[in-house]
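Below you'll find the structure, written out as structure tokens, and then a few comments.
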2 protein chains.
Amino acid sequence: MDYHAYSLMLKAMAEPNRLKIIDLLSCGTLCACDILEHFEFSQPTLSHHMKVLQNAGIVSAKKEGKWQHYTLEPTFITGFQEMTTALLKADDQCLCHEAKSCDCSSTTL
Amino acid sequence: MDYHAYSLMLKAMAEPNRLKIIDLLSCGTLCACDILEHFEFSQPTLSHHMKVLQNAGIVSAKKEGKWQHYTLEPTFITGFQEMTTALLKADDQCLCHEAKSCDCSSTTL
DNA sequence: TCAACATATAGATATGTATCTATGTACAAC
DNA sequence: GTTGTACATAGATACATATCTATATGTTGA
């Protein structure tokens, strides 16, 4: 389980405004000005958020003339859901395969 | 789309140590001392992380004598994956159903 | 070339948070 | 009751980050 990449995605997603940006992009490509319309914050703040999303591998950018077009990375869409599934299902790493040192497991639950 | 609850979960999950705690709990219930064994940080720090996970609805706690037993919330496991799916698939909210004001959409992609 | 527009960068500030030490609380065993 | 154990709380500190204003960069059109 690669905690680092997954944690980077989660951290980028955890900001409510960025979550909304992802939701907006889930329908397709948008330029910065279209995204900005949906928020109260300033243009540099959007620029900051888009950079965070790119660094996390969530969004890719493609410049067309003056405009910056943003798209959700297909590898993110599939990868994130796969890692989520891997996280939440019991696997080899879990403690039940290891020796217990704490007494609490000897008590009757 | 309830950004708030989902964002609370994401924020709680975004910390690498908490991510590891969730992975450990994915196999079943564990007490605090068993979890603490897997980390370098102090006991109060674990206590802090467990409270964050509980406030996000990710983990529930049940006290048995001296010991605090932590379990992944079943509602979190299903709910988180549902909200993730809802976020990443195109839905009614997306911009393509609204009027564009930005000129970028008139250019040939 | 110049002006207008779209976006990025720099630097400052305020707020959030992960961590620690010290201490408190609750329970168990003697 | 006293002592030891498991965990929580309080308060402090260091670091991250979301936001702003001001400015720079790059592109288009006149």
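Chain letters run A, B, ... following the sequence lines, proteins first and then strands; every chain starts at 1.
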For this session: Describe the nucleic acid contact of A:His48 in one word from base, sugar-phosphate, nothing, applying a heavy-atom distance below 4.0 Å.
Result: base
Exercise. When the ring centroid of A:Phe39 is compared with that of A:His49, is the distance short of 6.0 Å?
Worked result: no
Problem set entry | From CG (A:Leu53) to CE (A:Met13), nearest 0.5 Å | 9.5 Å
For this session: Side-chain contact test, heavy atoms from C-beta onward, threshold under 4.5 Å: evaluate it for A:Leu72 versus A:Ser26 and give yes or no.
Result: yes
For this session: Could you tell me the separation between the CD1 atom of A:Ile35 and the C1' atom of C:dT7, rounded to a whole number of Å?
Result: 12 Å
Exercise. Which of these nucleotides, C:dT9, C:dA18, C:dA8, is closest to any side-chain atom of A:Gln43?
Worked result: C:dA8
For this session: At the 4.0 Å heavy-atom cut-off to chain B, mark where contacts on DNA chain D begin and end, going 5' to 3'.
Result: D:dT5 to D:dT9
Exercise. For B:Thr45 and A:Lys63, take the nucleotide of DNA chain D holding the closest heavy atom to each; which residue's nucleotide lies nearer the 5' end?
Worked result: B:Thr45
For this session: Provide, to the nearest angstrom, the distance between the CD atom belonging to B:Glu15 and the C1' atom belonging to C:dG16.
Result: 13 Å
Problem set entry | From OG1 (B:Thr71) to CZ (B:Phe76), nearest 0.5 Å | 13.5 Å
Problem set entry | Distance in angstrom units between B:Ile21 CD1 and C:dA18 C1', rounded | 12 Å
For this session: Quick one: pull up CD in B:Gln68 and NZ in B:Lys62 and give me the separation to the nearest 0.5 Å.
Result: 11.0 Å
Exercise. In whole angstrom, what separates A:Leu36's CG from C:dT7's P?
Worked result: 8 Å
For this session: Rounded off to whole Å, could you give me the NE2-to-P distance for the B:His69 and C:dC27 pair?
Result: 14 Å
Seminar exercise, completed: Ranking B:His49 and A:Leu46 by the position along DNA chain C of their nearest nucleotide, the one closer to 5' is A:Leu46
For this session: Quickly work out the B:Asn55 CG to C:dG16 P distance and round it to whole Å.
Result: 15 Å
For this session: Take the protein atom CH2 of B:Trp67 and the nucleotide atom C1' of C:dT25, then report the distance between them rounded to whole Å.
Result: 17 Å
Problem set entry | Which residue lies more 5' along DNA chain D, comparing A:Gly65 with A:Asn17 via nearest heavy atoms | A:Asn17
For this session: Would you indicate what B:Phe39 reaches in the nucleic acid, counting non-hydrogen atoms under 4.0 angstrom: base, sugar-phosphate, or nothing?
Result: nothing
For this session: Indicate whether OP1 or OP2 belonging to C:dA8 is found under 4.0 Å from a side-chain N or O atom of A:Ser47.
Result: yes
For this session: Please check if the side chain of A:Lys20 supplies one atom and the backbone of A:His38 the other of a donor-acceptor pair under 3.5 Å.
Result: yes
Seminar exercise, completed: Only one of B:Ile21, B:Asp23, B:Ile22 passes side chain to side chain contact (heavy atoms under 4.5 Å, CB included) with B:Leu25, and that residue is B:Ile21
Exercise. Over how many whole Å does the gap from A:Lys62 atom NZ to C:dT7 atom C1' extend?
Worked result: 18 Å
Problem set entry | Nucleotide nearest A:Pro44 (side chain, heavy atoms from C-beta), chosen from C:dA10, C:dC27, C:dT19 | C:dA10
Exercise. When all nucleic acid strands are considered with a 4.0 Å heavy-atom cut-off, which category describes B:Gln68: base, sugar-phosphate, or nothing?
Worked result: sugar-phosphate
